[in-house]
Amino acid sequence: MVWTGTWVSDRLGIELAGDDELRGLLGLALRRNPKRAHLLVSGVLGKHVPQLPSVVHGHGVTLGRRVRALLGPEEAARAVVLGYAETATALGHAVADGLETAPYLHSTRRPVASVPSAGGFEESHSHATSHLLLPEDPAFFDRGGEADRGPLVLVDDEFSTGNTVLNTLRDLHARHPRDHYVIVALVDMRAPGDAGRLAAFAEETGARVDVVAHARGTVRLPEDVLARGLRLVEEQDGRTADPLVPCAPAVAPVRLELGWPADLPDGGRHGFTPDHRARLREALPAMAARIVDGLGGPGQAGRVLVLGFEELMYAPLVLARALEEAGLDVRFSTTTRSPVLAVDDPGYAIRTRLAFPAHDDPADGPGERYAYNVAGGGFDTVLAVVDSAADTPALHAPGGLLAQLATAAPRVALAVVPAHTPVPRTPDRQESPVLPAPLRGPDFSSYEPDDVGWLLQDLSAVRLEAPVEEREEAVQSGGAHYAESLPVEYQPTEEYQELYRDALAGSAARIARAVGTVTELVLAERSPRPVLVSLARAGTPVGVLMRRWARHRHGTELPHYAVSIVRGRGIDANALRWLAAHHDPADVVFVDGWTGKGAITRELADALAGFPGFDPEIAVLADPGSCVRTYGTREDFLIPSACLNSTVSGLISRTVLRDDLVGPHDYHGAKFYRELSGSDVSRDFVAAVEARFDEVADAVDQQVKEAASADRAPTWEGWAAVERISEEQGIHDVNLVKPGVGETTRVLLRRVPWKILARRGAGADLAHIRLLAEQRGVPVEERDDLPYTCVGLIHPRYTRGATGADGKAVGSA
């Protein structure tokens, strides 16, 4: 393939020197600009060259992950990201996506009377020089407090002379000084002298300055390149601007309604938080579906270009990526202010251009705007995405953008994103705390990012584990709550792991059938688009599987989150507030693995009393206690995910609720055991069950049909049985009686067990129970009258004297 910088290089002697990938990232074109002759044209930025949305977004996310690795998790969590208008607005957004926890702001050339400027700087070589910083939150640049500001990450498409970055650094350091700056660009093209000026700034201020780029090199320019470049532009077309050709579209553009979420900013002009990012991600599938339907379905859309608008790059980009993920043939680019010569030559980066009048009433007055490489791109459909401030008569006029696009593609569509207008802040206005976006893998949990969002705070750096015996004594003496610490993670022996593997192989189809049944009941009876909210952590593997069933059977992507609920303390109220702010509470379906005696079922109902709209009924895989009406089965059988701890639950610990760690505006906490990744079977468990979905489909349909006509009202038989066992065993505390295979396993893994009651002839479902009981010296009593397969009894009068020197249980006094 011909390098798209050949035409300019041959005529002006401009050369790129540096990393091998430079020519794959950059082409060359000529500016219509008396300040600089050449333009480095990125093929992966999505501005001048239509490109796959996944490629555009992926380059930014990769840079963001490199920044995160450079900073480390703690510093990354304190960072803020600033991008440059107009070219790098989406790139900066994508870098913030890669960092995941960072708020984002980009500079703008659109002033807003209600928002005071937090700074500004000049881009000396640009045709439009002044940049404004207009964050809605006055404390945007003071994240962490004025005395402890986190790193500032500045993002531009190219780092050429460094002048713009230095102007920004000096302005912001004077207003908001900090210790660390990270400069991010697709390409670092500075000459050695330019690099020295950045080093001088670091020495002058005492701040650390790092540079992260995909590729590095330099541009070698002949001394007279500016004059020669201007002459070459004049020779090509004999004028300084293309004429505006009045034209009208043959067919009126199709206007598509996106269903953009209320109060969600259209981009980073005034700040874009992790919470905004999560809301947008959740809304994208539905918006993409509306676009596909509006274009007549996947077969009618053809080759599609999603065309953004100047600074509005990120919203069109992620919409384009959602369409790409939906299977459409999609490219992405945006309109621009930059005047560039177009030359229809394979060795030139800008082959065609459409010129049209500005249509957003810009503060610097009317002028031309451009769309490059659209004409001649072979697009069947161009979807223009603008904000509401730019949806003006000028947009629709003859010679306007839509009319010009109609000359380049058979069909033109328009989608309008509501322009975000910040509400002025006053000293007496009380701001409610912004709750963080859900944590996701791979930074928190080993599940796929889309499988589950954890509405938890990461306490991985905090030492929380205590020996089982210490925890039991503290809990039973009233000195601590069980959720204030974590048990030391049980490390299974090879014999026990073999039992787990056998159990999974023998029960995968049975579990798949229960997963399918409970999911179909939820879809039929609770909501056609439910929001699955699993109770961490036993419910989380089930929620992941239910989400996978809905996708496998119906092609539906269901949102899934995990929240904490603590017996005696209730559900995480901040997690509920986040859910209510982002979803209709009526669509939320709480998910758990199984019921025992129904304590958590009752706990949830009590906790939701203060949160109207949420349905307290839990959907469970197995309901042996007869505590709910939405379940996959009421059999008490071995669910292999109950056999292990974090290694089958995304490497996430039990949840933690402790006053010194969890404040009034914090989520409950949990740990991510990265160090156990070598033993992790979380994805393997999900894959093994998902692999059986097709073979159980008919059985699921039959079970759902039978369930629809059955009386599934809870009888609370389990609770009655637990009360009876508690009294007959002399325990007199139902909290120490744990019925069912799953709960009995938990007793043996996390508590100090007293004895195990087992139904005679239970067989393979109890193989792992018997092994654990043998390892811990716990007696197993065979019974004929148990309503459960087994029941675990926690030692009723525990002190550390209740175990021998070897840690095994001894008889009760």
Side-chain angles (χ1 to χ4, degrees), residues 29-42 45-50 84-89 108-111 123-131 157 229-230 232-249 253 305 307-313 316 333-344 348-377 382 384-387 389-409 412 414:
L30 295 179
R31 298 173 183 261
R32 286 191 172 96
N33 185 338
K35 300 177 183 179
R36 184 179 288 184
H38 71 285
L39 176 70
L40 295 176
V41 180
S42 172
L45 184 65
K47 174 54 74 171
H48 305 92
V49 179
Y84 288 93
E86 62 176 44
T87 309
T89 57
T108 180
R109 296 186 176 100
R110 182 191 290 178
E123 187 178 6
S124 56
H125 67 269
S126 176
H127 57 282
T129 60
S130 297
H131 290 246
D157 58 317
L230 290 173
L232 187 55
V233 170
E234 292 176 358
E235 291 170 5
Q236 286 299 305
D237 60 12
R239 56 189 182 273
T240 58
D242 290 339
L244 296 179
V245 180
C247 56
L305 172 68
L307 184 70
F309 157 65
E310 296 188 29
E311 293 176 9
L312 186 74
M313 293 186 68
S333 64
T334 72
T335 64
T336 176
R337 287 170 165 241
S338 300
V340 184
L341 175 71
V343 177
D344 190 12
Y348 190 85
I350 303 294
R351 303 286 296 275
T352 63
R353 85 172 186 171
L354 300 174
F356 51 92
H359 52 89
D360 62 335
D361 192 23
D364 55 353
E368 280 190 340
R369 301 294 185 262
Y370 312 97
Y372 294 113
N373 291 320
V374 176
V382 177
V385 182
V386 304
D387 64 12
D391 186 18
T392 62
L395 175 69
H396 300 266
L401 172 60
L402 297 179
Q404 294 290 350
L405 293 176
T407 69
V412 176
L414 173 67

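What you see below is based on every heavy atom in this structure, not just the backbone, and it leaves out hydrogens, waters and symmetry mates. All residue numbers in this chain count up from 1 along the given sequence.
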**Asked** CG/Leu341 to CD/Glu235 distance, rounded to the nearest 0.5 angstrom?
**Response** 11.0 Å

**Prompt:** Salt bridge check: are Asp387 and Arg110 linked by an N-O gap of less than 4.0 Å?
**Reply:** yes

**Prompt:** Distance from Thr336 atom OG1 to Met313 atom CE, nearest 0.5 Å?
**Reply:** 9.0 Å

**Message:** Test your reading of the model: is there a side-chain donor-acceptor pair from Glu311 to the backbone of Arg109, 3.5 Å cut-off?
**Reply:** yes

**Asked** If you take all heavy atoms of Ala397 and Ala403, which pair is closest and at what distance?
**Response** O-CB, 3.9 Å

**Prompt:** Which pair of heavy atoms, one from Ala88 and one from Asp157, lies closest together, and at what distance?
**Reply:** CB-N, 3.7 Å

**Prompt:** Testing Leu402, Leu405, Thr335, Leu395 for side chain to side chain contact (heavy atoms under 4.5 Å, CB included) with Phe356, which one passes?
**Reply:** Thr335

**Message:** Counting C-beta onward and ignoring hydrogens, is there a side-chain heavy-atom pair between Leu401 and Leu354 closer than 4.5 Å?
**Reply:** no

**Request:** Applying salt bridge (Lys or Arg N to Asp or Glu O under 4.0 Å), run through Asp344 and Arg353 and close with a yes or a no.
**Result:** CA-CA 10 Å; Asp344 190 12; Arg353 85 172 186 171; over 6 Å; no

**Message:** Could you measure the distance from the OG1 atom of Thr334 to the CG atom of Leu312? Nearest 0.5 Å is fine.
**Reply:** 9.0 Å

**Prompt:** Between Tyr372 and Val340, is there a donor-acceptor pair closer than 3.5 Å when you use the side chain of the first and the backbone of the second?
**Reply:** yes

**Request:** Would you name the heavy atoms of Phe309 and Val386 that are closest together and state the gap between them?
**Result:** CB-CG1, 4.0 Å

**Request:** Could you please spell out the steps behind the side chain to side chain contact (heavy atoms under 4.5 Å, CB included) verdict for Leu232 and Leu30?
**Result:** CA-CA 9 Å; Leu232 187 55; Leu30 295 179; 3.4 Å; yes

**Request:** Locate the shortest heavy-atom distance separating Leu305 from Ser333; write the atom from each residue and the value.
**Result:** CD1-OG, 3.7 Å

**Fill in**
Looking only at heavy atoms, the pair that brings His48 and Ser338 closest together is NE2-CB, 4.4 Å

**Complete:** Scanning both residues in full, the closest heavy-atom pair of Ala358 with Ala394 reads O-CB, 4.0 Å

**Asked** Between the side chain of Arg31 and the main-chain N/O of His38, is any donor-acceptor distance below 3.5 Å?
**Response** yes

**Request:** Would you confirm whether Thr392, through its side chain, and His359, through its main-chain N or O, come within 3.5 Å as a donor-acceptor pair?
**Result:** yes

**Asked** Are Arg369 and Glu310 ion-paired here, with the side-chain N under 4.0 Å from a carboxylate O?
**Response** yes

**Message:** What's the separation between atom CD in Gln236 and atom OH in Tyr348, rounded to the nearest 0.5 Å?
**Reply:** 8.0 Å

**Request:** Kindly say whether Ile350 contributes a backbone atom to a donor-acceptor pair with the side chain of Asn373 at under 3.5 angstrom?
**Result:** no

**Request:** Verify the distance criterion only: is there a donor paired with an acceptor across the side chains of Thr87 and Lys47 at less than 3.5 Å?
**Result:** no

**Asked** Does any donor atom in the side chain of Asp391 or His396 lie under 3.5 Å from an acceptor atom in the other side chain?
**Response** yes

